[in-house]
K.L.:
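Sharing a structure below in structure tokens format, with a few things to ask.
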Protein chains: 2
Amino acid sequence: MQKGAVKDSDIHRIFHALGDPTRRSILERLTAGPISVSQLAAPLGMTLAAVVQHLQVLEESGLVRTEKPGRVRTCRIEPDGFSAAQQWLEDRRTLWQKRFDQLGELLADDDEEEDRLQK
Amino acid sequence: MQKGAVKDSDIHRIFHALGDPTRRSILERLTAGPISVSQLAAPLGMTLAAVVQHLQVLEESGLVRTEKPGRVRTCRIEPDGFSAAQQWLEDRRTLWQKRFDQLGELLADDDEEEDRLQK
């Protein structure tokens, strides 16, 4: 995934990847450091092919990077994907908060206006 | 959703809810302020029943709150759900970063040791 502006399609891939409990448990494991695909597969109780498929979704989303410098493919966290997801959530929450505050100010102005008219 | 410690089941519900593009577009719409269920449904090109189902998933995840003070049910953003998702991502990224830094220090120590031995 490229740095800079995050496209809708990237956001879709990231949240689609995060939406699956197996993929989130893979991410949990990877926070401890890079490991090989077979080490990753061992405790998951699923075929290597199924794990590889999940890893592919994670890699395409930019949450994980896999590398094969020699005979063994290892996977590691890719923090940029996490940042993009965090940013999306933060933007939505901030936008909403701003609107909420504006509504509060508007209501406060109305109250003041009402108080003024009643005096 | 309760404040305080976020349970795994809450995290599952939140990321499951966020994993669907229709539900994310509902969240996008709601950042502009609270609206009624029928207003929300109008541009989505789906049945009211389908929208209600998506809203139920969003409400159970704690990302949205719906209220029916009178005849009309309105929906609004619930920022606590967003915070929980952001926190989960932040914790994973921080954990990984910490391990990565430790690994860096370890390698630097090794280099120093090697330099010392070669002198």
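Below, each value reflects all heavy atoms present in this structure, side chains not excepted, and no hydrogens, waters or symmetry copies.
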K.L.:
With only heavy atoms counted, which part of B:Q87 is less than 4.5 Å from chain A, the side chain, the backbone, both or neither?
P.N.:
neither
K.L.:
Write down the atom of A:F82, the atom of B:L89, and the distance for their closest heavy-atom approach.
P.N.:
CD2-O, 3.6 Å
K.L.:
Pick one of side chain, backbone, both or neither for A:S83, based on which atoms fall under 4.5 Å of a heavy atom in chain B.
P.N.:
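For A:S83, backbone and side chain are both near chain B.
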K.L.:
For the atom pair CD (A:E78) and CZ (B:R93), what is the distance rounded to the nearest 0.5 Å?
P.N.:
11.0 Å
K.L.:
Quick one: side chains of residues 47-57 of chain B, donor-acceptor pairs under 3.5 Å with protein atoms, not counting sequence neighbours, listed by atom name and distance.
P.N.:
from  : atom 1 : to    : atom 2 : distance (Å)
B:T47 : OG1    : B:A50 : N      : 3.1
B:H54 : ND1    : B:R23 : NH1    : 3.1

K.L.:
With a 4.5 Å cut-off on heavy-atom pairs, point out which of B:E28, B:R24, B:R76, B:K98 contacts chain A the most.
P.N.:
B:R24
K.L.:
Let me know if A:Q102 has heavy atoms under 4.5 Å from chain B in its side chain, its backbone, both or neither.
P.N.:
neither
K.L.:
Determine the option with the most heavy-atom pairs under 4.5 angstrom with chain A, choosing from B:L27, B:D91, B:L18, B:L63.
P.N.:
B:L18
K.L.:
Between B:R92 and chain A, which part of the residue has a heavy atom less than 4.5 Å away: side chain, backbone, both or neither?
P.N.:
both
K.L.:
Using a cut-off of under 4.5 Å on heavy-atom pairs, state which of B:Q97, B:Q86, B:R99 scores highest against chain A.
P.N.:
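Looking at each of B:Q97, B:Q86, B:R99 in turn, B:Q86 comes out on top.
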K.L.:
Looking only at heavy atoms, which of residues 30-40 of chain B get nearer than 4.5 Å to chain A?
P.N.:
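Hits under 4.5 Å: B:L30, B:T31, B:A32.
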K.L.:
Can you tell me which of A:L95, A:T94, A:D20, A:I77 forms the most heavy-atom pairs within a distance under 4.5 Å of chain B?
P.N.:
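It is A:I77.
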